[in-house]
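Data first, discussion second: the structure below is written as structure tokens.
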Amino acid sequence: MNNNSNGKIEKRTTTAPKEELEKKGITCISDALLEVCSHIDGTAKSTSKVAGISTGLKTLDFQIGGFRPGTYTVLAAKTGMGKTTLAMNIASSVSKDPDKAVLYVSTEMNNTDLCLRLISSEGLLDLKKLSNGALETDEEWEALAEAASSLANRKLYFCDQSVTTVAEIENACECIGNLSLVVIDYLQQLEAVDKTSGRGGNRQQTVSDISRAIHRLAGRLQVPFLCLSQFSRASDGRQDKRPKLSDLRDSGSIEQDADAVLFLYRENYDDSKTPLKGVEEVECIVSKNRHGGVSTAVLQWTPKYVKFEDVPEPELPFTDEPDEADKEPEAVPQTALPEFQTDDIGQLSA
């Protein structure tokens with residue numbers, strides 16, 4: 001459109017070239033459809049049943065379809081519910097693929113703590129014994145060596161606590177080839193872009209800005225981001241303790257920016273007052289999902305191994321004898337019919 005001598009804007013009669021449109025972020029539907037059809041074709045030909053990158057948990061993959069490129073997923077839970085464990089399990093699982101690299105940004109734990117947790121879940125070693133160097137048997141030491149060897153061959157990268165802004169995370173992402181997943185633990189610990197704006201001001205607005213920046217970064221890099229989030233205490237005063245989207249702490253924009261929001265929840269949980277069992281069943285509640293419906297995946301959590309797994313399917317009793325319903329029906333013996341001659345038919349009719 002151009003301004004004429006009267007100051008009015010004249011409409012263009014021809015559309016600008018494709019290159020000019022792309023510079024302005026404009027895409028024609030024909031080009032968008034080509035990308036969509038190519039994606040559908042590639043997914044159909046893939047041996048994986050998951051549209052995105054698998055979480056390593058079949059139950060969760062079934063609910064959310066894995067992590068699609070450029071998506072922003074939020075995982076929230078109360079302290080001690082296991083959100084860091086689940087995030088690390090997912091990061092470890094994705095990095096098993098030699099063609100996929102993972103960046104794990106931890107604002108709380110150092111590299112030693114992260115590695116101890118990964119070794120514990122990989123080798124099924126008691127984290128407390130591992131941290132104290134109290135392994136006793138040859139089998140435990142062998143499991144340690146095998147777990148460390150397996151993890152050493154993966155493209156799993158850590159960012160230390162000095163990386164605290166979205167801009168610094170973006171710089172780190174640009175250094176890693178074949179980046180397939182970014183995990184941020186956790187959202188509310190990140191700082192404003194210049195590390196000074198927002199201090200002493202509106203924390204909710206700061207977190208909103210950070211959340212929006214992460215969403216845009218994921219889309220720009222076309223890499224899925226999994227961000228952990230703190231959980232407000234609003235549910236403590238409710239009869240139904242199951243989390244809601246409004247329970248996300250510090251910002252209502254997190255639920256708007258996120259493509260998916262997951263909550264971890266287990267019955268009769270009351271922070272440190274509730275002792276952990278050997279194995280816990282935890283609900284992973286999908287409260288928002290732009291690529292599907294809301295649902296719940298039940299996972300099995302083993303705290304001492306800092307490991308989430310799918311709940312084992314119940315074993316059915318097996319016998320060599322088939323059930324009555326599965327048995328082939330017995331053949332009914334056929335009675336031989338008498339052979340009649342032509343003359344006999346007449347006698348029968350009489």
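Values below: all heavy atoms of this structure, side chains included; hydrogens, waters and symmetry mates excluded.
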Within the 4.5 Å heavy-atom criterion, are [X] and [Y] side-chain neighbours or not?
X	Y	answer
Leu264	Leu86	yes
Thr71	His291	yes
Val166	Ile210	yes
Val94	Ile53	yes
Val102	Tyr157	no
Gln300	Glu280	no
Leu124	Lys307	yes

Using 30° and 60° as the class limits, which term best fits the ring planes of Phe308 and Trp301: parallel, tilted or perpendicular?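 Ring orientation of Phe308 relative to Trp301: parallel.
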So, for Asn289 and Gln63, which heavy atoms are closest and what is the spacing to 0.1 Å?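 Of all heavy-atom pairs spanning Asn289 and Gln63, the closest is ND2-O, 3.4 Å.
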Under the salt bridge (Lys or Arg N to Asp or Glu O under 4.0 Å) test, residues paired with Asp126 that sit two or more places apart: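 If we apply the salt bridge (Lys or Arg N to Asp or Glu O under 4.0 Å) test to Asp126, skipping adjacent residues, there are no hits.
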With a 3.5 Å cut-off and sequence neighbours excluded, list the donor-acceptor pairs that the side chains of residues 108-118 form with protein atoms.
from: Asn110; atom 1: OD1; to: Thr112; atom 2: N; distance (Å): 3.1
from: Asn110; atom 1: OD1; to: Asp113; atom 2: N; distance (Å): 2.9

Applying a strict under-4.5 Å side-chain criterion to I, L, V, M, F, W and Y, I'd like to know whether Tyr265 and Ile254 cluster together.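 They do share one cluster, since a chain of ILVMFWY contacts under 4.5 Å joins Tyr265 to Ile254.
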I'd like to know whether NZ of Lys244 has more than 12 heavy-atom contacts from other residues, nucleotides or ligands below 6.0 angstrom.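 Check fails, neighbour count at 12 or below.
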Separation between CG of Leu187 and OH of Tyr72, rounded to the nearest 0.5 Å: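 The CG atom of Leu187 sits 4.5 Å away from the OH atom of Tyr72.
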